[in-house]
Amino acid sequence: MTVTELELLERISELKKHQDAVVIAHTYQLPEIQDAADFVGDSLELSMKVREVDAGTVVFCGVRFMAETAKIISPEKTVLMPDPGAGCPMADMITAEDVVRLKRNYPDGKVVCYVNSTADVKAESDICCTSSNAVRIVDSIPSKEQVIFIPDMNLGTYVKNKLSRDIILWPGHCSVHSSITAQEVLELKNKYPYAKVLAHPECRTAVLELSDYILSTSNMIRQVGKLDSKEYIILTEEGILYPLNKKYPDCMFHHPKRALCLNMKKTTIDLLTECLENRQHEITVPDNIRERAAKAVYNMLEI
Ligand code: 13P
Ligand code: SF4
């Protein structure tokens, strides 16, 4: 870490106290942002954390749907984002109007909405899910009911195969995870034959079929702690390598080259400092949308 980075980290720590703020960050954030954060985790953990913290202000270092979810479930808190332009392209692959149309086509269907979605889309959905609880959430819906899974086709296919259940899918996807090919995984496996393969369920089915474990980001970090292996192939966004290397310095982590989410890297240490200094880029969700979206998120948190 450079002297400037150290100075900025100290400044951030003072500002947090002064502004009654906590900084929370997704595991895909830049290393220095993870260092500056009070809490680092996956989408589900971050949603739960926002509810627990005492501070009046939460600075969310991640992408917009995550900050929106924080505001949806903790409307009394001020939620700030260092770069409000950090979005998730998959979340924009479906609109609220698309969901209304789906519900019209399948009037008895239950809409399960991956949290990687806009507040408007959540407001039209019955229940949310994250990558760590998607199977459990869909399984909680009685088998005689039709499930409509939005917007991630890969996660939906994973749930569908896992539960051997007929699910209506929406053709959304994460281009970062979809960029990982089965061919690339086979090459990595040939090169590192003793490595265990850990994949995020946003990856394509052909990639998941080559993996030993299919897990959310935080669960991948936990899983390494449970296994004896010293070598891993990690099939998700590269930001996770920082906490993995920090926590398990005696392990080797191999990673496909292109799995990089540029939106997750928009939050820099300078922007985080400015955000805290000026209390800027507040995330708001209109009440009529927020209340309906909150139902879908709370339905998930209750399961
Ligand atoms: P997690 O649920 O593992 O946090 O994943 C979120 C995400 O955006 C993956 O691309
Ligand atoms: Fe969205 Fe993919 Fe980036 Fe996750 S990695 S935030 S799903 S674009």
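Computed from a predicted structure; not experimentally measured. Counting convention: from 1, in listed order, for ligands and their atoms alike. We number each residue from 1, following the sequence as shown.
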What is the nearest protein non-hydrogen atom to atom 8 (O) of ligand 1, stated with its residue, atom name and distance? N116 ND2, 3.1 Å
Give the atoms of ligand 1, by number and element, whose distance to some non-hydrogen atom of Y28 is under 4.0 Å. 7 (C), 9 (C), 10 (O)
Checking a contact table here: which protein heavy atom is nearest atom 7 (C) of ligand 1, and how many Å away? E202 OE2, 3.5 Å
Can the positive tip of K196 be found less than 6.0 Å from the middle of the six-membered ring of Y232, inside 45° of the ring normal? no
Check whether any side-chain N or O of E291 sits under 3.5 Å from a backbone N or O of N288 as a donor-acceptor pair, and report yes or no. no
So, does H26 sit close enough to ligand 1 that a heavy atom of it is under 4.0 Å from the ligand? yes
N-O pairing of R11 and E277 below 4.0 Å: yes
Any side-chain heavy atom of I180 within less than 4.5 Å of one from V185? yes
A student checking ligand 2 against E202 at a 4.0 Å heavy-atom cut-off should list atoms 2 (Fe), 7 (S)
Residue, atom name and distance, where the atom is the protein heavy atom closest to atom 6 (C) of ligand 1: S43 OG, 3.3 Å
For atom 2 (O) of ligand 1, the protein heavy atom that lies nearest, with its residue and separation: S131 OG, 2.6 Å
Does any N or O in the side chain of R165 come within less than 3.5 Å of the main-chain N or O of K160, such that one atom is a donor and the other an acceptor? no
Should you measure from each heavy atom of S216, which atoms of ligand 1 turn up under 4.0 Å away? 3 (O)
Per side chain to side chain contact (heavy atoms under 4.5 Å, CB included), I233 is matched among H255, E184, K189 by K189
Does any N or O atom in T130 lie less than 3.5 angstrom from one in ligand 1, N or O only? no
Considering only the protein, which heavy-atom contact is closest to atom 5 (O) of ligand 1, and what is its distance? H200 NE2, 3.2 Å
Could you list the atoms of ligand 1 found under 4.0 angstrom from a heavy atom of D42? 1 (P), 3 (O), 4 (O)
Between the side chains of K49 and E52, is the shortest nitrogen-to-carboxylate-oxygen separation below 4.0 Å, so that they form an ion pair? yes
Does I24 reach the side chain of V59, with side-chain heavy atoms less than 4.5 Å apart? no
Please identify which atoms of ligand 1 are closer than 4.0 Å to at least one heavy atom of T217. 1 (P), 3 (O), 4 (O)
Is R101 salt-bridged to E124, cutoff N-O under 4.0 Å? no
What protein N/O/S atoms are found closer than 2.8 Å to atom 1 (Fe) of ligand 2? C88 SG
Does ligand 1 have any atom that is closer than 4.0 Å to a heavy atom of H177? yes
Could you tell me whether Y106 atom OH has more than 12 heavy atoms of other residues or ligands within 6.0 Å of it? no
Between K246 and D35, is there a salt bridge with N-O shorter than 4.0 Å? yes
Is it the case that the side chain of K110 and the backbone of E145 share a donor-acceptor pair, with hydrogens and angles ignored and the cut-off at 3.5 Å? no
